[in-house]
Amino acid sequence: MTPDELLRAELTRAALAIGAPDSVAPALERPRDPAHGDWASNVALTLAKPLGKKPREIAELLVAKLDLAAAGVSATEIAGPGFINFRLGAGAHARGLADILTLGSAYGRTTAGQGAPVNVEFVSANPTGPLHVGHGRQAALGDAISALLEGAGYAVTREFYYNDAGVQIENLAKSLWVRVAQRGGVAVAIPEGGYNGEYIKEIAERFVAEHGMPDAATLAAGAASIVAQERPVDAALFDAMRRFAVAALRAEQDLDLKAFGVKFDVYYLESSLYTDGRVEETVGMLQRGGHTFELDDALWLRTTDFGDDKDRVMRKRDGTYTYFVPDVAYHVTKWQRGFRRAINVQGADHHGTTARVRAGLQALEIGVPVGYPDYVLHQMVTVMRGGEEVKISKRAGSYVTVRDLIDEVGRDAVRYFFLMRKGDSQLVFDVDLARSQSEENPVYYIQMAHARLSGIFRVGEIDPATVTADGVAWDALSEEAERELVKSLLDYPRLVAGAAESLEPHRVAAWLLETSRQVHLWYHKHHVLGEPEHILRARLALAKAARQTLANGLLLLGISAPERM
RNA sequence: GCGCGAGUAGCUCAGCUGGAUAGAGCGUCGGCCUCCGGAGCCGAAGGUCGUGGGUUCGAAUCCCGCCUCGCGCACCA
């Protein structure tokens, strides 16, 4: 039992003894102000109504009933409207460090998820261009959420879904055709809806290098078709270009993700939903279920029956399906693959799709719960460079890529910057600031704390493996800075559990920064090496525990924990 | 117009799911290097938590109205 669990149990016992309802569940929290003790409880305030007494009076009754020694409490005080503040004995907290030393990299991990499979889908960028900053935020968020869930005992599958057919890919192929034609001397411009980025020119160059330059007449005829909003006449050549462009951009994105240190377990292709018949099957099921209707030569789904604000077209007048049909079919596969929990990390610009995907799944009546899947939506990222906002437009080809950011400020800093804020907040990524700040960057501050702690062992020529909790005089950790640091370290499991439950990695980022502050403060004020034996041993144990916990937190965010900088 | 999100220090943002005197980084001002790394530490100034009501012992946090900003509202994806 940890000190707070012990205290909570004792508090519950005392509350029942003075006549509290059986449902009483005393809450313990860390007072904002350390002067208010190590733990505080508002239980007397919540009991005021059921017991019909004044909060302070109840607090006094409770304290009288408490077995302080059993709870490891050295002092109590009743404060304010009726808070009970508890101060733990000097060693009571520090003894908790033994857990950290024993558990090591497992400290903060739990088995709460009991190995249940969870699917986390993120990035899911279509192969029509390099990954941009928005994808970067999503990659950092999705990967950290996955790590948090793994740490909470879930079996996580990181999944990337992409559209490799459809209109956008058609436009991509047309754009490539135009660039190849331009190289072949045909005067033609990128069509409406096409992609203007420089990278298409590079792909055109490579296409010609590998496949040879197609003859001018074919290119010119195809270009004319494209201008006329048709597919080029030479379907075989066009398909070759489409496949080439998709493969080239997928390869580029993989390099981006590799540079960012993100790995996916599954890449799911939209086209496979058509080839294996799942799209047709889904449509059939919806029709049989009676939730569809025909109007204006199109097939509609009555999504308004399931909470959407308007009905949606499934099959267009031209006979093709809207994107949302394969999207529903795709989520059916998640359910069928055994994921009772699925989390989609997406930009807030996709939030319009959440209601209709959920509605589609409900209309199938296959037992999918109402709120399936979960969505974690992050707000937009705006990029500032040279004091001006960089307008992000794939078609215009002007935007900042993930690779640009990593090259400029480093992977660790990019990850931290994307994770230090709650996804609900819009994010201004000032590239110049991120670069110029690099020496006083929060991520370096945190890594420095880890490096300094490592330095103690390096300089002292002490193998950290030899530092254990055995026989450590915990009372020796009596300095204020030590007590505060210990408290932060012991809060870590609770913090991580909360972050995992709420799918909010930024809580870990904030904890790392605050704890690093305490490490620097402690390091600056108190020496380890050269102190008397009992102090040396206690402080080495603290240094090792702090270093371990910082490393565990950094790992969750995908940030390295360097031994030296 | 409707939906989602945001509005907290000069700037960028936290605020542990309702607690005590609202915090951090950057920026500004002022201090600290015989010391395990100064890539650090200490201090100061800086707030009507957008706004008006409500709920209760207690509200930045929950509910309602209003204002401002972002995103979305296709037989595009």
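Lettering of chains follows the sequences in order, A, B, ..., and the numbering in each one begins at 1. All heavy atoms count here, side chains included; hydrogens, waters and symmetry mates do not.
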In whole Å, I'd like the distance from the CG atom of A:L529 to the P atom of B:rC35.
14 Å
Could you tell me how far apart A:I78 (CD1) and B:rA20 (P) are, to the nearest whole angstrom?
19 Å
Going by purine N1 to pyrimidine N3 plus the second Watson-Crick contact, or the G-U wobble pair, all under 3.5 Å, which nucleotide sits opposite [N]?
{"N": "B:rC73", "result": "B:rG1"}
{"N": "B:rG37", "result": "none"}
{"N": "B:rG58", "result": "none"}
{"N": "B:rU28", "result": "B:rA44"}

N or O in side chain of A:K316 less than 4.0 angstrom from B:rA74 OP1/OP2
no
Cation-pi, A:W300 ring and A:R312 (6.0 angstrom, 45 degrees)
no
Between A:E170 and A:R231, does the salt bridge (Lys or Arg N to Asp or Glu O under 4.0 Å) criterion hold? Intermediate values first, please.
CA-CA 8 Å; A:E170 195 89 347; A:R231 281 186 67 144; 3.5 Å; yes
Using the ring centroid of each side chain, check whether A:F417 and A:F429 are separated by less than 6.0 Å.
yes
Is A:H36 stacked on the base of B:rA20, with ring centres under 5.5 Å apart and planes under 30° apart?
yes
For the base of B:rG5, is there a side-chain donor-acceptor partner from A:D424 under 3.5 Å away?
no
